Amino acid sequence: KDSGGTSNNAGSSGTAASGCKLADKPPAAAASSSTAGDGTKVDGSALKVGLAYDIGGRGDASFNDSAAAGLDKAKTDLGLKADAVKELTAAPNEAEDAKQTRLRQLATEGYNPIVAVGFAYAESLKVVAPQFPDVKFAIVDGAVDGATNVTPLVFAEEQGSFLVGVIAAYQSKACHVGFVGGVDIPLIQKFEAGYAQGAKAAAPDIKLEKKYLTPAGDFTGFQDPAKGQVVGQGQVEAGADVLYQAAGASGKGVFAAAKAGNAKAIGVDSDQYNQPTVAESKDVIVSSMLKRVDVAVFDFVKAVAKNDLASLPKVFDLKVDGVGYATSGGKIDADLAAVLEGYKAQIIAGKITVSDKPSS
Amino acid sequence: MTALAEAPLTVVPPQRKRKIPGWALGMIGVAGAIALLSTTSYLTGVPQLTSTGTIQTAVRLALPILLAGLGGLWAERAGVVNIGLEGMMIMGTWGAAWAGYQWGPWAALIAAAVFGALGGLLHAIATVTFGVNHIVSGVAINLLGAGLTKYLSTLLFFPISHNPRESPAVPKFDTYSAGGLSDWLGSLEADQRVGISDVAGILRGLVTGVSPLTMLAVVFVVGSYLVLWRTRFGLRLRSCGENPTAAESLGVNVYLYKYAAVVMSGALAGVGGAALVLNPGNPGYLEGQTNGRGFIGLAAMIFGNWRPGGLLGGAALFGYADGLQLRSGGKTFLALIYGAVLLLAVLVVWQLVRRRWFAAATGIVAAGLLYGVYYSVDEVPSELTAYAPHLVTLVVLAVASQRLRMPAADGVVYRRG
Amino acid sequence: MGKLRGNLLPPALAILFSALLCGIALVVSGANPLRAFGAMVSQVGEGTTAVDIVNSTGVYYIAALAVAIGFQMNLFNIGVEGQYRVAAVVAAVFGGSVALPPGIHALAIILVAAVTGALWAAIPAILKVTRGVNEVISTIMMNGLALGLAAYLIRADVFGELRGNNIRTPEIPSSGWVPGIPLGSSGTVFGLVFLAAALGIGYWVMMNRTRFGFELRASGESSTAAAAGGVSAKKMILVAMLLSGAIAGLVSMPEILGRDHTYNLNFPAGIGFSGIAVALLGRNHPGGIALGALLWAFLDKSGLALDNVGVSREIVTIMQGAIVLSVVVAYEVVRRYELAAEQRRVGRQLGTVEPVGGAA
Amino acid sequence: MSSSTSADLPAAIGDPEGPPAVVLSGITKRFPGVVANSDVHLSVRVGEVHALCGENGAGKSTLMKILYGMQQPDEGTIDVAGERVHFRTPADAIKVGIGMVHQHFMLADNLTVQENVVLGAEALHGIGGKARKRILELAGRTGLSVDPGVLVERLGVADRQRVEILKVLYRGAKVIILDEPTAVLVPQEVDELFATLRGMQEQGFTFLFISHKLDEVRAIADSVTVIRRGTTVGTADPKAVSSRQLAEMMVGSELPSPETRESTVTDREVLRVEGLALVAQEGTRPVLDGIDLVVRSGEVVGIAGVEGNGQTELVETIMGMRRASAGHVVLVDAEGNAKDLVKLGTLARREAGIGYVPEDRHRQGLLLTQPLWANRILGYQTRRPTAKGAWLDIAGAKQDTQRIVEEFDVRTPGIDVAAAALSGGNQQKLVVGRELSGDPVLLIASHPTRGVDVGAQALIWDEIKRARAAGLAVLLISADLDELIGLSDTIKVMLRGRLVADADPNTVTPEDLGSAMTGAGSTSDAVAALDTPVDEEGER
Ligand SMILES: Nc1ncnc2c1ncn2[C@@H]1O[C@H](COP(=O)(O)OP(=O)(O)OP(=O)(O)O)[C@@H](O)[C@H]1O
Ligand SMILES: Nc1ncnc2c1ncn2[C@@H]1O[C@H](COP(=O)(O)OP(=O)(O)OP(=O)(O)O)[C@@H](O)[C@H]1O
Ligand SMILES: [Mg+2]
Ligand SMILES: [Mg+2]
C-alpha cells in the first residue's frame with residue numbers, strides 16, 4: 001500500500017533542495033495603501049441589479065462565484081434588496097441568441113445595472129446594449145467597442161500572475177516550476193505570460209513547464225480533472241515542484257498531482273486554500289492569484305448607485321487591488337511578503353511592465 | 001455416408017491453421033511494441049516514451065476506456081450495439097459520487113454499477129423488447145443520461161457542494177505498489193541502458209501506485225474472457241450475437257440473455273464512470289467529466305476485434321497516446337511519428353517477403369511522407385497533438401478494419417417467432 | 001387517413017408521455033409542473049424568443065436534414081458536429097479574406113462551406129468504402145479532429161485575430177452578409193432560414209421524385225436488393241455521405257452570415273447531436289423534421305424561462321431525451337401494428353383468412 | 001432425460017405397442033392475414049417415418065414449429081407418448097425428446113461445431129472435453145468426419161446438415177422432425193441420408209419428414225399426411241399411392257410439367273462468357289475458374305450443381321455484383337452488337353438487356369416494405385416506363401405494375417400494398433413479371449420457382465417458355481433437377497467453381513446428373529465430361 005504522497009519524483013535533478021539562484025530583490029515598497037474605502041456611505045437600495053453568469057454560475061468556486069460575492073457585498077454594504085436582484089446562468093454550448101435573450105430579459109424586466117459575467121457575452125452585448133441605451137451594462141473580462149453604456153470590467157491577470165510567479169520561484173527547491181492552463185485561449189495565456197515573467201524576474205535561470213489541456217474552442221479543458229492530474233503529474237516528474245493552474249475545474253487534478261508528488265501548487269481566481277471542494281489538497285496550496293471579480297462587480301454597482309461610472313478604473317490591476325495574491329495557509333513568510341510587495345510597488349509604479357502575451 | 005465425406009462438396013475457404021494460440025500472439029505483439037518503443041526512444045532521445053510515469057498515466061487514462069469498452073463488448077457479443085455507453089458512463093459517475101460521498105469508495109463502485117445498469121436496462125427495453133434501432137436508442141440514452149444527471153445534481157448536490165454541476169469530494173481508494181520490485185525496477189530504469197531500462201520503466205509503471213480499481217479492471221477483463229468463452233452462460237450469450245434464431249430454436253431464451261448482456265454492459269460502463277470519479281485528481285462528479293470516453297471505449301472495442309484481449313490493447317494504445325501528448329506534448333509526438341516510420345519499414349519488408357508489391361509500395365510512400373513530417377517539423381502544433389488519440393484510432397482502424405470480425409447478428413433487431 | 005394517423009400519433013403520444021414523466025419529476029422535486037410549463041409557453045411571447053425559435057428551428061432543420069440523408073440508407077453520420085464546425089471556420093476565413101460583389105460574396109461563402117463540409121465527410125466515407133471502417137466510430141473520431149483543426153486555423157498566427165479575450169476569424173465584410181427580416185423589437189429572422197426551407201423542399205423532391213432518392217431509399221431498406229437492382233452500394237455511401245456533409249457544412253451559415261459575421265470562440269457546439277435527435281423525431285421526413293426542429297427549438301429557447309420560476313433548466317434536457325426515446329419506441333410499435341394490419345387486410349381481400357375447410 | 005444414449009429407448013417414447021409417439025389434435029394457428037393451420041389432426045406411431053406433404057405455405061413448417069415449441073397454437077392439444085404436454089419454448093419440447101432440423105440451417109457460422117452442438121444442452125456433458133467425446137461418438141453415426149473444433153463456416157452444406165442432425169441426437173431426441181432436409185442435397189446424398197434414417201429407425205427413433213419431392217417421400221416414409229391450405233386432407237400409405245396421386249391430393253388438380261416441347265434454339269449467340277474467374281476475398285483459391293459458356297437466342301442453358309459450388313457466384317459475377325478477376329462477359333443485343341460487359345456495373349448490364357431473377361426474392365428481389373409499384377422501379381430506375389432521365393415516372397411505374405399484376409396473375413388487392421403483404425408465390429410472379437418487362441435479350445433466372453406453389457410454378461414456367469420462343473436467351477440455375485431437365489436445352493454441371501460436364505436434357509436422369517454434380521464421374525452417356533478435369537489439389 002502506498003503511504004500517500006511519498007512517491008519519488010524521479011525527474012527532479014540533482015539541484016533538489018538547493019532552490020534557485022535568486023535575482024536581486026526589488027527595493028522594499030513604501031507602505032502601500034489601497035485606494036478603497038473613501039468613507040462616504042452609498043445607498044443602492046433603489047437599484048435592481050441583474051447578473052448573467054457564464055457557464056457554471058453561482059457556486060462554481062471560480063469567477064462566477066466571485067461575481068456573486070461582489071453582489072452579496074453590495075447587498076450588505078449598499079442596502080441592495082434581495083428581491084431586487086436577479087441572477088441567470090448560461091448553459092454549456094448554448095447558442096448566441098440564448099445569451100442575448102438572457103440579457104434582454106433582464107433589461108426588459110427593469111434590471112439596471114446588468115452585469116454580464118464572462119467574455120462570452122461580448123458579442124451579445126454588442127447587439128443588446130444599443131437596444132437599451134438607458135440601461136447600464138458591465139461585462140467582466142471583455143469589452144464592447146462603441147457601446148457607451150457598457151462598462152468593461154477587465155483585469156490585469158498578468159500582473160497578479162507575475163507575483164505568484166515570484167512566489168513560485170522562491171518556493172521552488174528544484175528551480176523548476178510548472179503552469180497548467182485549461183484551454184489555450186488569450187485569457188488564459190495572460191496568466192501564463194505574467195507567471196513566466198514573474199518567475200524569470202525572481203530567478204533568471206528558472207525552468208518552466210507549461211501545458212494547456214485543450215486547444216481553443218474545446219472548452220472541456222476546464223472540466224476535466226483527470227487530464228489536469230495527468231499533466232500535473234507529468235510536470236512534477238519532469239522536475240517542476242511548484243505548479244500554477246489556471247484550468248477551472250481541471251485545476252483540482254493539478255492540485256492532486258502536486259500533493260501526490262510532494263510539490264506545491266498555486267491556485268487561481270479566488271483564494272483556493274479556503275475552498276471546500278479542494279480541501280483535500282489544501283496543504284499544498286501556497287498561494288492563489290486573486291482576480292477580484294467581486295471587487296469589480298461591487299465597485300461597478302456602487303459607481304452606478306453614485307452615478308459616477310467615470311470613477312471606475314480602466315483595468316482592475318494591482319494598483320486598485322483588482323488582482324493580487326492570497327496568503328491563507330501561512331506559506332508566505334515575511335521575507336517573501338516583503339519581496340512581493342517590492343515587485344508590486346514596481347509594477348504599480350510602472351518600473352516593470354508585465355506582458356500579457358506569452359513570449360513563445 | 002463415408003463416400004461423401006471424402007468429396008468436399010462446396011467451395012470452402014481453405015482452413016487456416018492457427019499454429020500460434022491467441023495469447024501467444026498477444027505476447028508477441030506486446031514484445032514487438034516494447035521493442036519498437038525502446039528503439040524509437042533510443043534513436044530519438046526521448047526517454048519519456050517508456051518512463052514509469054508515462055505508463056502509469058497510460059494505465060490511469062486507459063482504465064475508464066477499458067471498462068466502457070468491456071461494456072460494449074458484452075452488449076455486442078449478445079448482438080446489441082451500445083452507443084449509449086457514454087450516457088451510462090455519465091450515470092455511473094453520478095451514482096459513484098452520490099454513494100461514494102456518503103458511504104465510501106466501495107459503495108461508490110456498486111452504485112455506479114447500479115446506475116449504469118439502469119441505463120443498460122433502458123437500452124434493453126428499447127432495443128430488445130421494442131425492437132428500436134440500436135444506434136437510435138443509444139443516441140437517446142446519451143441525451144437522457146446527461147439530462148438526468150444534470151437535473152439530479154442540481155437537486156441533490158447543489159445544497160452540499162453549492163455548485164449545481166459538481167458533487168462534494170468523494171473519498172478515494174488507497175493505491176498499492178509492489179514495494180521491493182518497484183524500487184528495484186526503478187534503479188534499473190535509472191541506469192539508462194537501452195532496452196533494459198525501457199522494459200523496467202514499463203513494468204514499474206504497471207506495478208507502482210496501482211488502485212484497487214485497476215486490479216478490478218484486470219479481473220474484469222480476464223473474467224469477461226472466461227465467462228464469455230469458457231462457460232455455458234457465455235456460449236449462450238455469444239450465440240445470441242451470432243445467430244439468435246438458432247439459439248432460440250435450441251431453447252435459449254434470447255431475450256433474457258440479451259437483457260442480461262445489455263444490463264451488464266451498462267453496469268461495466270457505470271464502473272468506468274466510477275473510475276473517473278475515484279481516480280486521483282477527480283474530487284467527485286463533475287458535469288461533462290466523461291468527455292466522450294464512452295465513444296472511445298467503443299472504438300477500442302472495435303479495434304480489439306470484439307475480444308477482451310484486443311480491447312485491452314486498444315484501450316492501452318489510446319491511454320498511452322493520450323498520456324504521452326498530455327505529459328510531454330509535440331516533441332514526443334514527433335518521436336511517435338518516427339516510431340510509426342520504423343513500424344512501416346518492418347511492415348514493408350514483410351510485404352516484400354510475401355511479394356505483395358502494391359501493399360509494400362503504399363507502405364514505402366506512407367513511411368516517406370511520415371519521415372518527411374518528422375524531418376521538417378520541430379514540434380507538432382498542440383492543437384493537433386491534443387487529438388492524437390483520435391487520429392491514431394482512425395489510422396489503426398483504416399489499416400486493420402478488414403481483419404475485424406464482428407458478431408454476425410450484431411446490431412440486428414431480433415424478434416421471436 | 002391511416003397513414004396520417006401512423007405518422008402523427010407516435011410523436012403526439014411520445015410528447016405527452018415525456019411531459020408526464022417530467023411533470024412527475026418536477027412534482028417529486030417540489031416544483032409545480034403546471035407553472036413550469038406555463039412559464040415555457042408564455043416565454044414564447046417574450047422579447048425575441050419567438051424569432052429565436054424560428055431562427056434556431058432553421059439551424060436544427062439543416063442539421064437534421066444532413067443526418068436524415070444518411071439515415072435514409074442506414075448510414076449514421078454522427079459527424080455532422082465536426083463537419084459544420086470545420087465548414088464554419090473555413091467559410092468564415094474565406095469570407096473574411098476575399099472581396100467580392102454583394103450577393104456573390106455570400107453565395108461563394110455558402111459554397112465554400114458546403115464543399116468543406118463535404119470534404120470533411122469524404123474522409124469517413126472513403127474509409128468506409130475502401131477499408132470498411134464503421135462510420136459511427138470514424139465520424140466520432142473526426143469530430144475530435146475537427147475541434148483541433150478549427151483551433152489551429154483560428155490561431156492568431158494562422159488565420160485568426162485577437163479581439164480582447166476572444167479569438168475570431170477576420171470579420172466578413174457586409175458584401176458577404178445575408179440580410180434578415182427585421183421585426184423590430186422582436187428580433188430579426190435570419191435570411192437563410194429560407195435556405196433551410198428550400199433545402200427541405202429539395203430534400204423531399206430528391207427523395208420522392210428522383211432516381212437518386214429512390215436508390216438511396218432502396219439501399220436503406222435492403223442493401224442486397226438494391227445491389228441486385230443495380231444500385232452500387234459503395235457509390236451510394238460515398239454520395240450520401242458527401243451530400244450529408246455538404247448540408248452539414250451549411251448548418252452555421254444562417255448565424256455566421258446573418259448575425260455573427262465571424263467564427264469565434266463562442267461558436268455553439270452540439271447542433272450536430274441535436275440534429276440526430278430531430279431527424280429521429282421527424283422520422284427522416286422533411287415535414288416531420290420541421291415539426292421536430294420546431295419542438296426542439298421551442299424546448300431550448302423557452303427553457304430559459306424556467307430560471308424565472310425557480311425550476312432547474314435541466315428538466316428540458318431530460319424531456320428531450322425522453323421524447324426521442326419514446327418517439328422511436330412509439331413509431332416501432334405503430335409500424336408493427338400497421339404491417340400486421342396490412343397483411344390482415346390483404347388476407348381478407350384475397351380470402352385466405354379462412355382456409356378452404358377440410359375438403360379431402 | 002439426462003445423458004440417455006440414443007441406444008436406449010427413452011422413458012417417454014418407446015414402446016411400439018404403446019400410445020402413439022405424437023398426437024396433434026385440433027391445432028389452429030393464425031397469423032395476421034392468414035390462417036396457417038386450421039384444425040389439424042396428426043398421429044405419429046412410434047418408430048415410423050411419417051411424411052408431411054403439402055404445397056408451399058400449406059402450413060407444414062408452422063405445424064412442426066408448434067410441435068417443437070417455437071410457436072404456440074391458438075387452439076388444439078399436443079400429446080406425446082400419451083401424455084398431454086404444453087410447450088412454451090423449444091426447451092420444453094427437447095425435454096420430452098423432440099428434436100427438429102429446420103428448413104433453413106440454424107447454425108452460427110462463427111462458432112465451432114462443438115459450440116453449435118452443445119448450445120442449449122450444456123447441462124448434459126458441459127461444454128468441454130466430455131462434450132467433445134460425446135460428439136465424436138455420435139458423429140460417426142451421421143457421417144460427420146470433421147474436428148468438433150472447426151468453425152461451422154468452414155463446412156459444406158452436407159456437413160452442415162449432419163451437424164444439424166448431430167445437434168438433435170446430442171439432445172437424446174427420439175422424435176426427430178426433418179423439415180425439407182433434402183432440399184439442398186443431391187440424390188446420392190439423399191440416399192446416404194435415408195440409409196442413416198433407416199438405421200436409426202431400427203433403433204427406435206421416430207421421424208417426421210417433410211419434403212416436396214414425392215418420390216423421396218414414397219421411398220422413405222411409412223405413412224404420409226397431406227396438408228392443404230392449413231388443414232389435413234388425409235393420411236395415406238405411400239406404398240399404395242403414386243406420386244401423381246399424392247400430388248393431386250396436395251393441389252386438388254392436375255399437375256403441371258416443366259417439359260418443353262420443341263427446340264427453339266437459334267444459332268445467334270446472345271451471351272458469351274470466356275475464361276471467367278473470380279477470386280474470393282481472402283485466400284487465393286478461385287471461386288470461379290475459367291468458365292466458358294455460350295447462351296444462344298431461344299435457348300435455355302441450365303446449370304446444375306450442388307449448392308455452394310459457385311453457381312451463385314457465377315450469376316452474381318455475370319450480373320456485375322461481384323468483380324471478375326479475369327475473363328469476359330460478352331452480350332450481343334438485338335441488333336447484333338457485341339459488347340464486353342466485364343468492366344461495367346450491375347445497372348449498366350441490366351440496361352444492356354439482362355433481366356435477373358435473383359435466388360432469394362426477399363433479400364435480393366424486393367423492397368419488402370415498399371408498395372408494389374416501387375418494386376417495379378427497382379432495377380429499372382433509369383428506363384422507361386418507370387423513369388425519365390434522373391426523374392422517376394411514378395404514373396408510368398404504377399401503370400406498368402398494374403399490367404404485370406394482370407398478365408402474371410399476381411394475387412393482390414392493389415398495387416399500393418407493401419410487397420411483404422403478398423405470399424411468396426405472388427411475390428415471385430411479380431419479380432418474374434418485372435424482369436421480363438424490360439425487353440431483355442437474356443434472362444438469368446436463379447431458382448425461379450424455389451418455394452413457390454404449383455400454380456405459380458406452372459405460370460412461371462409458361463412465361464419462361466413463351467419468352468424463349470420469342471427469342472429470349474435464358475441462363476437457368478436450379479436445384480430442382482426435374483425443372484432443370486424439363487426446361488433446359490443444354491445442361492452444364494458445375495463443380496468447385498468449374499463447368500465440368502455437359503448433359504443432354506433429353507436423355508439424362510436426375511441420378512446421372514447427381515453423380516456428375518458430386519464429382520463421382522459420369523455414369524451415363526448422357527453426361528459428357530468436359531476436358532477440364534477436376535483439380536484434385538483444390539480439395540484441401
Ligand atoms: N411468423 C409468421 N408470420 C406471419 N405469417 C406466417 C408466419 N410464419 C408463416 N406464416 C404464414 O403461414 C403460412 C404457412 O407457412 P409455413 O411456413 O408453415 O408453410 P410450409 O407449408 O412450411 O411452406 P413451405 O413449403 O414453403 O415450407 C404461410 O402462408 C405463411 O405466409
Ligand atoms: N416472421 C414473419 N413475420 C411477418 N410475416 C411473415 C413472417 N414470415 C413470413 N411472413 C409472411 O408470410 C408470407 C409468406 O411467407 P413464407 O416465407 O412462409 O411464404 P412462402 O410462400 O413459403 O414463400 P417463401 O418460399 O418465400 O418462404 C409473407 O407475407 C411474409 O411476409
Ligand atoms: Mg416457406
Ligand atoms: Mg416450410
Side-chain angles (χ1 to χ4, degrees), chain C residues 2-3 6 72-74 131-132 204-236 239 331-332 335-360, chain D residues 30-35 37-39 57 59 226 228-234 249 252 316 319-321 345-351 356 358 360-370 374-375 377-382 387 389-392 394 411-414 417-418 420-423 426:
Chain C
K3 199 144 192 115
Q72 287 280 6
M73 63 168 297
N74 290 330
R131 310 292 313 170
W204 185 87
V205 171
M206 185 188 80
M207 281 302 162
N208 293 292
R209 288 287 177 267
T210 67
R211 169 189 157 193
F212 174 76
F214 177 81
E215 294 187 335
L216 199 68
R217 277 185 299 139
S219 318
E221 156 127 25
S222 163
S223 57
T224 43
V231 181
S232 155
K234 289 187 172 181
K235 196 186 100 192
M236 293 315 291
V239 176
Y331 274 138
E332 189 59 34
R335 191 186 67 79
R336 281 185 199 178
Y337 171 80
E338 289 198 327
L339 187 63
E342 171 128 318
Q343 283 175 348
R344 218 173 290 128
R345 195 168 59 83
V346 172
R348 214 172 24 244
Q349 295 194 7
L350 294 181
T352 52
V353 178
E354 282 314 317
V356 275
Chain D
R30 295 182 196 90
F31 289 117
V34 56
V35 178
N37 290 149
S38 161
D39 194 27
V226 177
R228 171 149 38 105
R229 302 195 79 176
T231 15
T232 30
V233 175
M249 258 175 101
E316 293 186 358
M319 282 312 297
M321 294 155 69
T346 306
L347 190 63
R349 296 185 195 208
R350 280 175 158 278
E351 285 167 351
Y356 174 42
D360 183 337
R361 58 178 163 273
H362 283 173
R363 286 186 69 247
Q364 298 180 303
L366 293 166
L367 302 171
L368 287 171
T369 68
Q370 301 281 332
N375 277 286
I377 302 176
L378 186 65
Y380 297 84
Q381 59 268 36
T382 49
W391 300 92
L392 298 180
I394 291 175
R411 307 228 172 112
T412 169
V417 301
L422 262 52
S423 73
N426 287 308

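These figures come from a predicted structure and were not determined experimentally. The chains referred to below are lettered A, B, ... by the order of the sequence lines, with proteins before strands, and numbering in each begins at 1.
- Across R363(D) and S222(C), no two heavy atoms sit closer than the pair O-OG, 3.2 Å.
- Residues G365(D) and A225(C) share a closest heavy-atom pair of N-CB, 4.5 Å.
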**Message:** With side chain to side chain contact (heavy atoms under 4.5 Å, CB included) as the criterion, how do I394(D) and F214(C) come out once you've worked through the C-alpha distance, each side chain's angles and the decisive distance to 0.1 Å?
**Reply:** CA-CA 11 Å; I394(D) 291 175; F214(C) 177 81; over 6 Å; no
**Item:** Q364(D) vs T224(C), side chain to side chain contact (heavy atoms under 4.5 Å, CB included): CA-CA, chis, key distance, verdict
**Value:** CA-CA 5 Å; Q364(D) 298 180 303; T224(C) 43; 4.2 Å; yes
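- At a 4.5 Å heavy-atom cutoff, the contact between A390(D) and chain C is made by backbone atoms alone.
- Both the backbone and the side chain of T210(C) come within less than 4.5 Å of a heavy atom of chain D.
- Shown here are the salt bridge (Lys or Arg N to Asp or Glu O under 4.0 Å) partners of R350(D), two or more places apart in sequence or in another chain: E435(D).
- The part of L366(D) that comes within reach of chain C is its backbone (N, CA, C, O), which places non-hydrogen atoms under 4.5 angstrom from that chain.
- With a 4.5 Å cut-off on non-hydrogen atoms, Q370(D) touches chain C through its backbone and its side chain both.
- Within the structure, the salt bridge (Lys or Arg N to Asp or Glu O under 4.0 Å) test picks out the following pairs touching residues 213-233 of chain C (sequence neighbours left out): R211(C)-E215(C).
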